[in-house]
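Beneath this line is the structure, given in structure tokens, with notes to follow.
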Amino acid sequence: MPSTLKHIAISGNIGCGKTTLAEKLSKHYGWTPLYESVDHNPYLRDFYGDMTRWAFHLQIYFLNSRFRQINEIRNNSKTIVQDRTIYEDAYIFAANLRKSGHISERDYQSYLDIFMSMIEFVHPPDLLIYLKADIPKLVKQIQKRGRDFEDAMRIDYLKNLNQHYEEWIGGYTLGKLLVIDVTDLDFVKHVEDFSYVVGKVDLELNSLFSHQY
């Protein structure tokens, strides 16, 4: 493993298993996990009840929260595994809400101005892990975790997010990228599925290490 490895990030749609994998990888490798702020998010429940009213507020909250995490990663000597990136806030979620008409063009441009100011101080992760999953898998996972405010989430919202993810990942050039299709995997129930994921991560870490010499 590279001695300078600082930042691994896990990206993917709602319900793909990012948080669970971040937790499992942190225990396996001894990394420090940084989770997305969901339980203490003051806007999330309202957002799923009325996306148009609360979309801009929610995205600003997430953007600020993620930028704080970036500073935490930069000032930390430990290796961090992050649950979702600041790029996804802008290129996936805010872009999707603008395209769907839930954020006005004026608010979207204000949001992008803030994001572009922040991004000048952001270093991309050493390794980005993208968890790819089909819609039935996402729906099943969302239902399993039982957050009542997510019951109102529409299938077309997840589909649109998946499309944005595919486009973003398809053009990702900021650093090393590992795509894992988790549609038929259950790395909580099946130890062999988690071993499969770890094997893929090990290969990428070894590759990062060899590129240092």
Side-chain angles (χ1 to χ4, degrees), residues 9-20 22 34-70 82-122 124-125 128 130-172 174 182-183:
I10 303 175
S11 66
N13 206 342
I14 301 164
C16 70
K18 295 180 310 302
T19 304
T20 303
L34 271 185
Y35 298 113
E36 188 171 39
S37 180
V38 172
D39 293 337
H40 302 293
N41 189 316
Y43 296 108
L44 205 53
R45 184 179 295 274
D46 290 330
F47 169 73
Y48 284 120
D50 188 342
M51 286 190 175
T52 303
R53 180 176 180 185
W54 296 106
F56 181 73
H57 302 76
L58 177 72
Q59 289 309 123
I60 289 294
Y61 176 86
F62 270 131
L63 190 63
N64 185 52
S65 171
R66 210 86 59 187
F67 191 61
R68 270 208 211 105
Q69 287 189 343
I70 292 294
Q82 184 186 25
D83 173 6
R84 192 169 277 143
T85 66
I86 195 169
Y87 306 108
E88 291 161 84
D89 290 322
Y91 300 137
I92 309 295
F93 289 88
N96 181 59
L97 289 167
R98 172 64 194 105
K99 191 174 180 181
S100 305
H102 294 301
I103 292 181
S104 70
E105 184 62 32
R106 179 180 63 177
D107 286 347
Y108 182 60
Q109 289 305 320
S110 294
Y111 172 91
L112 282 184
D113 285 345
I114 297 169
F115 171 73
M116 295 310 291
S117 296
M118 287 180 169
I119 211 71
E120 291 183 25
F121 302 95
V122 173
L128 178 69
Y130 170 54
L131 302 185
K132 180 177 181 175
D134 65 14
I135 299 302
K137 168 80 171 189
L138 298 175
V139 171
K140 182 181 174 184
Q141 292 288 97
I142 290 166
Q143 289 173 342
K144 190 192 292 183
R145 65 192 186 191
R147 293 176 184 152
D148 60 338
F149 57 83
E150 290 181 337
D151 291 343
M153 193 184 300
R154 295 169 58 92
I155 297 293
D156 60 349
Y157 178 64
L158 289 173
K159 284 181 178 174
N160 289 339
L161 288 175
N162 250 11
Q163 185 178 348
H164 278 282
Y165 264 109
E166 289 301 306
E167 291 170 2
W168 177 60
I169 290 295
Y172 183 81
L174 295 172
V182 295
T183 299

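The structure displayed is predicted, hence computed values, not measured ones.
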Ring centers of F115, Y91 separated by less than 6.0 Å:
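Yes.
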
Less than 6.0 angstrom separating the ring centers of Y130 and Y165, yes or no?
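Ring centres of Y165 and Y130 closer than 6.0 Å.
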
Begin from the C-alpha positions of L158 and I14 and carry the test side chain to side chain contact (heavy atoms under 4.5 Å, CB included) through to its verdict.
CA-CA 7 Å; L158 289 173; I14 301 164; 4.1 Å; yes

According to the interplanar angle, ranging from 0 to 90°, do the rings of H57 and Y43 count as parallel (below 30°), tilted (30 to 60°) or perpendicular (above 60°)?
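Ring orientation of H57 relative to Y43: tilted.
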
Give, for atom [atom1] of [X] and atom [atom2] of [Y], the distance between the pair rounded to the nearest 0.5 Å.
| X | Y | atom1 | atom2 | result |
| --- | --- | --- | --- | --- |
| Q163 | N160 | CD | CG | 6.5 Å |
| R84 | S65 | CZ | OG | 11.5 Å |
| L58 | I103 | CG | CD1 | 8.5 Å |
| R98 | Y111 | CZ | OH | 14.5 Å |
| I169 | I92 | CD1 | CD1 | 7.0 Å |
| F62 | F47 | CZ | CZ | 9.0 Å |

Of the non-hydrogen atoms in [X] and [Y], which two are nearest, and what is the gap between them?
| X | Y | value |
| --- | --- | --- |
| P125 | L128 | CG-CB, 4.3 Å |
| T52 | H102 | OG1-ND1, 2.8 Å |
| I142 | G15 | CG1-CA, 4.0 Å |
| A55 | L97 | CB-CD1, 3.8 Å |
| N162 | N13 | OD1-ND2, 3.0 Å |
| I86 | M118 | CD1-SD, 4.4 Å |

With sequence neighbours left out, write down each residue that passes salt bridge (charged side-chain N to carboxylate O under 4.0 Å, His left out) with D156, or none if nothing qualifies.
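Per chain and number, D156 pairs via salt bridge (charged side-chain N to carboxylate O under 4.0 Å, His left out) with R154.
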
Name all residues meeting the salt bridge (charged side-chain N to carboxylate O under 4.0 Å, His left out) criterion together with E166; count only those two or more places apart in sequence or in a different chain, and write none if there are none.
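Expected list: K132.
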
Go through the steps to decide whether L63 and F93 satisfy the test side chain to side chain contact (heavy atoms under 4.5 Å, CB included), and finish with yes or no.
CA-CA 11 Å; L63 190 63; F93 289 88; over 6 Å; no

With side chains defined as the heavy atoms from C-beta onward, is the minimum distance between R53 and D46 less than 4.5 Å?
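When only atoms from C-beta onward are counted, D46 and R53 do not touch, as no gap falls below 4.5 Å.
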
Given side chain to side chain contact (heavy atoms under 4.5 Å, CB included), test E36 with T19 step by step and report yes or no.
CA-CA 8 Å; E36 188 171 39; T19 304; 5.6 Å; no

Applying side chain to side chain contact (heavy atoms under 4.5 Å, CB included) to S11 and Y87, what does each step give before you reach the verdict?
CA-CA 10 Å; S11 66; Y87 306 108; over 6 Å; no

Q82: side chain to side chain donor-acceptor pair (under 3.5 Å) partners, not counting sequence neighbours
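So Q82 forms a side chain to side chain donor-acceptor pair (under 3.5 Å) with H7, Q69.
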
When you measure from the side chain of S100 to the backbone N and O of N96, does any donor-acceptor pair fall under 3.5 Å?
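Yes, because the side chain of S100 sits within donor-acceptor range (under 3.5 Å) of the backbone of N96.
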
